[in-house]
Amino acid sequence: MRRARARARRRSRQRRGPGAEQGRLAVMVGASDAAFDMVREPFSWFSDLVVHAGPVGAGTRMKLARNLLHFVSFTAAAEAQRLAEAAGLDITALGKVVRHTDAISGGAGAIMLRDTTAPIPPDDFWFPILDHVRALGEKDLSLALGLGARLGVDLPLAARALGDLGPGLGVGRGENARQEEPA
C-alpha cells in the first residue's frame, strides 16, 4: 500500500506539480455515491481534500467554477500591478503584501460561506457582515478607479467589480456604486 501511495503521488506530481507530492491537492469528483466511496481513499493519497461534487460531470463543473475564480483573480492581479507600477510602486513588494494578507484573510474564498447566491434579507445573520465588506470594497474600488483615471490606467475589472460587488455578495449596490452608474 505504501508503494502504491508513493507511486500515485509521483504520477500526480508529474501532471499537477508539487502540491500532489505533498498530498495537498483538492480533488472534485463527479460520481455515484458507490463510485465515490471506491475512489475516496486512493485519491486521498495525493489530496487532503476530496469532495463529492455530485453526479458524473459535477467534478468538472466544480473545477471550472473554481478555476474561473483563479484566473479572473490573476487578471485582477495584473490590473492591480499596472496601477501600482503607474503609481511608482514596487510591484514585487505589492506581491508580498498580497500573499501575506491573503494568507490571513483567506483571499476571495473567505466570502464563499453561504449556500446560495440569492439576495440576503436585511435581518439575515450574514447581511451586516457582507454589507460591511461591500462598503469597504466599493470605497477602495472607487478610490482605485480615481487613481487609475488620474494616471491614465484603464481598470476594466475594477469598474466591473464596483458595480457587481454588492449584488454578488447578495446585499445590493451601495452609495459608491450607485454614484458610478451611468445616468
Side-chain angles (χ1 to χ4, degrees), residues 13 15-20 22 24-28 49 51 53 59-122 124-183:
R13 180 176 179 232
R15 295 184 188 107
R16 304 284 183 205
Q22 298 165 1
R24 299 295 324 261
L25 293 181
V27 176
M28 298 145 279
L49 179 63
V51 174
T60 299
R61 293 189 299 272
M62 186 177 282
K63 178 185 182 287
L64 292 174
R66 196 284 170 249
N67 284 351
L68 169 72
L69 176 59
H70 189 70
F71 292 113
V72 168
S73 295
F74 280 9
T75 306
E79 190 168 289
Q81 287 178 305
R82 286 195 311 276
L83 177 64
E85 187 172 54
L89 301 173
D90 177 347
I91 63 174
T92 59
L94 174 63
K96 288 178 185 175
V97 168
V98 169
R99 287 186 297 279
H100 177 82
T101 56
D102 278 358
I104 294 167
S105 72
I111 62 113
M112 299 177 78
L113 301 168
R114 299 173 49 226
D115 61 0
T116 180
T117 59
I120 302 172
D124 187 282
F125 168 82
W126 288 110
F127 190 89
I129 296 165
L130 294 175
D131 188 54
H132 180 71
V133 170
R134 181 215 35 86
L136 291 175
E138 288 181 358
K139 172 189 64 79
D140 287 348
L141 287 165
S142 294
L143 292 170
L145 285 163
L147 178 60
R150 287 191 301 281
L151 297 173
V153 178
D154 187 33
L155 303 172
L157 284 176
R160 176 76 187 253
L162 179 59
D164 291 351
L165 179 62
L169 293 173
V171 296
R173 286 188 173 90
E175 189 60 35
N176 284 323
R178 287 192 294 267
Q179 290 175 4
E180 298 292 326
E181 288 180 312

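As a basis for the values below, the full set of heavy atoms in this structure was taken, side chains included, without hydrogen atoms, waters or symmetry mates.
Among residue pairs with one or both ends in residues 69-99, those qualifying as ring pair (Phe, Tyr, Trp, His ring centres under 6.0 Å) are His70-Phe74, Phe71-Phe74; sequence neighbours excluded. For the side chain to side chain donor-acceptor pair (under 3.5 Å) condition, no pair includes a residue of residues 100-114, sequence neighbours left out.
Nearest approach of Leu113 to Trp126, heavy atoms of both residues: CD1-CH2, 3.3 Å. Smallest separation of non-hydrogen atoms from Ala177 and Leu162: CB-O, 3.3 Å.
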Show me the donor-acceptor pairs, under 3.5 Å and distance only, between side chains in residues 77-89 and residues at least two apart or in other chains.
unit_1	atom_1	unit_2	atom_2	d
Glu79	OE1	Leu157	N	3.0
Glu79	OE2	Leu157	N	3.3
Glu79	OE2	Ala158	N	2.9

Would you give me the side-chain donor-acceptor pairs under 3.5 Å for residues 131-139, sequence neighbours excluded?
unit_1	atom_1	unit_2	atom_2	d
Asp131	OD1	Arg134	NE	3.2
Asp131	OD1	Arg134	NH2	2.9
Arg134	NH1	Glu138	OE1	3.0
Glu138	OE1	Gly174	N	3.1
Glu138	OE2	Gly174	N	3.1

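Taking Arg160 as the reference, Asp164 meet the salt bridge (Lys or Arg N to Asp or Glu O under 4.0 Å) condition, with sequence neighbours excluded. By the side chain to side chain contact (heavy atoms under 4.5 Å, CB included) test, Pro122 pairs with no residue at all, sequence neighbours left out. Residues that satisfy the side chain to side chain contact (heavy atoms under 4.5 Å, CB included) test with Leu49, not counting sequence neighbours, are Ala26, Val51. Among residues two or more places apart in sequence or in another chain, the side chain to side chain contact (heavy atoms under 4.5 Å, CB included) test is passed with Asp154 by Pro156. Remark: Thr92 engages Asp90 in a side chain to side chain donor-acceptor pair (under 3.5 Å) (not counting sequence neighbours).
Note that CG of Leu64 and CG of Leu68 are 9.0 Å apart. Values are rounded to the nearest 0.5 Å. A distance of 12.5 Å separates CD1 in Ile91 from NZ in Lys96, rounded to the nearest 0.5 Å.
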Evaluate the side chain to side chain contact (heavy atoms under 4.5 Å, CB included) criterion for residues Ile111 and Leu169: first the C-alpha distance (whole Å), next the side-chain angles of each, then the deciding distance (0.1 Å), finally the verdict. CA-CA 8 Å; Ile111 62 113; Leu169 293 173; 3.7 Å; yes

